[in-house]
Amino acid sequence: MQYQDVGIPEYWIVNPEEATVLVLTLAQDVYGEGQTLQGSDPLISQQLGPLGLTVTELFAAVDMPEDGN
């Protein structure tokens, strides 16, 4: 089963090696060409709206040690 078969409106492909986020949005049962976000681009979901952080901030948060140091 594919994402479009169950009506998933949007999905993101997060690439930590290139520090990019590819956003794919469903339109007429097909995912169109996605938008690749990087650096200071804000993360905005078509479904949820602005997420309040940039791509750089997303990857910085993932790189943080668990103890906060």
Side-chain angles (χ1 to χ4, degrees):
M1 186 168 297
Q2 300 292 320
Y3 290 148
Q4 67 267 17
D5 295 340
V6 293
I8 303 296
E10 160 184 285
Y11 72 95
W12 295 18
I13 299 174
V14 178
N15 184 336
E17 290 179 11
E18 295 183 16
T20 60
V21 178
L22 173 63
V23 180
L24 298 159
T25 305
L26 187 62
Q28 299 177 341
D29 298 327
V30 176
Y31 290 99
E33 283 200 32
Q35 178 182 15
T36 300
L37 305 173
Q38 59 189 353
S40 62
D41 292 337
L43 293 174
I44 301 172
S45 167
Q46 296 297 316
Q47 298 298 304
L48 304 173
L51 301 181
L53 70 158
T54 66
V55 175
T56 298
E57 292 168 334
L58 169 71
F59 286 106
V62 172
D63 289 337
M64 288 180 55
E66 288 186 31
D67 65 1
N69 294 323

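These numbers come from the heavy atoms of this one structure, side chains and all, not from hydrogens, waters or symmetry mates. In this chain, residues are counted from 1 in sequence order.
Proximity of D5 to Y3: side-chain heavy atoms (C-beta onward) are nowhere separated by under 4.5 Å. Taking 4.5 Å as the limit, some side-chain heavy atom of Y31 sits within range of a side-chain heavy atom of I8. Taking the side chain as every heavy atom from C-beta outward, F59 and V14 approach each other to under 4.5 Å.
Remark: L24 CG to W12 CH2 distance equals 11.5 Å, nearest 0.5 Å. Taking CD of Q38 as the start and CG of L58 as the end, the distance is 13.5 Å to the nearest 0.5 Å. One finds the CD atom of Q35 at 8.0 Å from the CD atom of Q46 (value rounded to the nearest 0.5 Å). How far CD of E10 is from OG1 of T25: 5.0 Å, rounded to the nearest 0.5 Å.
Tested against L43, the residues L53, L48, V23, T54 include a single side chain to side chain contact (heavy atoms under 4.5 Å, CB included) partner, L53.
Put simply, the side chain of T20 never gets that close to the backbone of L37: no donor and acceptor are under 3.5 Å apart.
Residue V55 is not grouped with residue I44 when hydrophobic side chains (ILVMFWY) are merged at heavy-atom distances under 4.5 angstrom, including chains of intermediate members.
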